[in-house]
Amino acid sequence: MNVFRLTGDLSHLAAIIILLLKIWKTRSCAGISGKSQLLFALVFTTRYLDLFTSFISFYNTSMKLIYVACSYATVYLIYMKFKATYDGNHDTFRVEFLVVPVGGLSFLVNHDFSPLEILWTFSIYLESVAILPQLFMISKTGEAETITTHYLFFLGLYRALYLINWIWRYYFEGFFDLIAVVAGVVQTILYCDFFYLYVTKVLKGKKLSLPA
C-alpha cells in the first residue's frame with residue numbers, strides 16, 4: 001500500500017458515491033449509461049471471486065465488498081427503481097463489441113491459464129473500456145450534467161493514480177504487471193479528451209459536451 005494506491009481507491013469510491021447520490025437525490029438516472037454500469041458490475045464480479053478463496057486484509061476485503069455491492073445497487077436503481085427515467089434511446093452502444101473481444105483476449109493473454117486468473121484478466125481488460133457506453137451516450141445527447149462529469153472525473157483520476165501506483169511499485173518494490181499497466185494506460189487515454197473538457201468547461205461553470 002502506498003499513498004497513490006490509497007488515493008486512487010478513495011477517488012474510485014468517491015466516484016461511485018457521487019453517482020449513487022446523484023441518482024437517489026434526483027430520483028432519476030437521466031444521463032447515466034446503464035450499459036456502462038452493467039459492465040462495471042461484471043468487472044467487479046469477475047475480479048473479486050477470490051473473496052471466496054483468499055484473505056489479504058480487512059481493508060482489501062472491505063473495499064471489494066463495497067465495490068461489488070455499490071455496482072449492483074447502481075444497476076438496480078437504473079433498471080428497476082428508477083427505470084422510467086432511464087434514457088435507453090441514447091444508451092445504444094453495442095456492448096457485445098467490447099465483451100466478446102475482451103473475453104477472447106483474456107483467454108489468449110493472461111498470467112496463468114486457470115479459471116480465476118482468466119476471469120481476473122477479463123475484468124482488467126473490460127474495465128479499461130467499460131466507460132465507452134457512457135462517453136458514447138454523452139456524445140449522442142450533446143452534453144452531460146455537472147454531477148455526472150464529477151463522477152467521470154473521479155473515475156478517471158482513480159485510474160491515473162493507479163498508473164502512478166504501478167510506477168511506484170516498480171521502482172520501490174520491483175513489481176510490474178504488464179497486463180494491468182497496459183489496460184490502465186488504455187483506460188486513461190480514453191479519459192484524456194474528457195479531462196481537457198472538464199478543466200476548460202466544467203470547472204469554469206460551463207456545461208460539458210463531447211464531439212459527436
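Just so it is clear, the values below take in all heavy atoms, side chains as well, and ignore hydrogens, waters and symmetry mates. Only a predicted model underlies this, so the values are computations on that prediction, with no experimental measurement involved.
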Would you call the rings of F82 and W24 parallel, tilted or perpendicular if under 30° counts as parallel and over 60° as perpendicular? perpendicular
Can a donor-acceptor pair be found, under 3.5 Å and without considering hydrogens, that links the side chain of S36 to the backbone of S33? no
Relative to each other, are the rings of F136 and F93 parallel, tilted or perpendicular (30° and 60° limits)? perpendicular
What verdict does the side chain to side chain contact (heavy atoms under 4.5 Å, CB included) test give for F40 and E127, after you've listed the backbone C-alpha separation in whole Å, the side-chain angles of each residue and the deciding distance to 0.1 Å? CA-CA 7 Å; F40 281 123; E127 185 184 19; 4.3 Å; yes
I66 and L49: same hydrophobic cluster, using ILVMFWY side-chain contacts below 4.5 Å? no
Closest contact, heavy atoms only, V75 versus Q37: CG2-O, 3.7 Å
When you group the ILVMFWY residues by side-chain heavy-atom contacts below 4.5 Å and let the links chain together, are F97 and L108 in the same group? no
Worked verdict on Y162 versus D9 for side chain to side chain contact (heavy atoms under 4.5 Å, CB included): CA-CA 8 Å; Y162 253 58; D9 285 345; 2.6 Å; yes
Check for a donor-acceptor pair, side chain of Q134 on one end and backbone N or O of G31 on the other, with a separation under 3.5 Å. yes
Looking at side-chain heavy atoms only, is the closest gap between Y151 and L155 below 4.5 Å? yes
Using every non-hydrogen atom in the two residues, find where S128 and A183 come nearest and quote the distance to one decimal. CB-O, 3.2 Å
Between N110 and F107 (side chain of the first, backbone of the second, donor and acceptor by atom type, cut-off under 3.5 Å), is there such a pair? yes
Do I32 and I78 have side chains that get closer than 4.5 Å, going by heavy atoms? yes
Determine all donor-acceptor pairs shorter than 3.5 Å in which one atom belongs to a side chain in residues 16-23; sequence neighbours excluded.
residue: K22; atom: NZ; partner: A30; partner atom: O; Å: 2.9

Under a 4.5 Å cut-off applied to non-hydrogen side-chain atoms, are T45 and Y72 in contact? yes
Contact between T92 and K140 at the side-chain level, heavy atoms closer than 4.5 Å - yes or no? yes
N/O donor to acceptor pairs below 3.5 angstrom from side-chain atoms of residues 163-171, sequence neighbours left out:
residue: N165; atom: OD1; partner: N2; partner atom: ND2; Å: 2.8
residue: R169; atom: NE; partner: E173; partner atom: OE1; Å: 3.1

Closest non-hydrogen atom pair between L135 and L190, with its separation: CD1-O, 3.8 Å
Count the heavy atoms of every other residue, nucleotide or ligand shown that sit under 6.0 Å from CZ of F175, and state whether that count exceeds 12. yes
Is it the case that the side chain of T85 and the backbone of C29 share a donor-acceptor pair, with hydrogens and angles ignored and the cut-off at 3.5 Å? yes
Side chain to side chain contact (heavy atoms under 4.5 Å, CB included), that's the test. Do L38 and V95 meet it? Break it down for me. CA-CA 10 Å; L38 281 172; V95 294; over 6 Å; no
Any salt bridge (charged side-chain N to carboxylate O under 4.0 Å, His left out) involving residues 90-119? Give me the pairs, sequence neighbours left out, ordered by first then second residue. R94-E96
Y48 OH: over 12 foreign heavy atoms closer than 6.0 Å: yes
S11 side chain to L157 main-chain N or O, any donor-acceptor pair under 3.5 Å? no
Can you give me the closest heavy-atom contact between Y79 and K35, atom names plus distance? OH-N, 3.4 Å
Work out which heavy atom in T121 is nearest to a heavy atom in V109; give both atom names and the distance. CG2-O, 3.3 Å
Given the rule in the side chain to side chain contact (heavy atoms under 4.5 Å, CB included) test, do T7 and F4 qualify, once you have shown the distances and angles that lead to the verdict? CA-CA 5 Å; T7 309; F4 302 111; 5.9 Å; no
Just by distance, do the side chain of S71 and the backbone of V68 share a donor-acceptor pair under 3.5 Å? yes
Over all atoms of both residues, closest heavy-atom pair of R159 and T188: CG-OG1, 3.3 Å
Side chain D177, main chain A180, donor-acceptor under 3.5 Å: yes
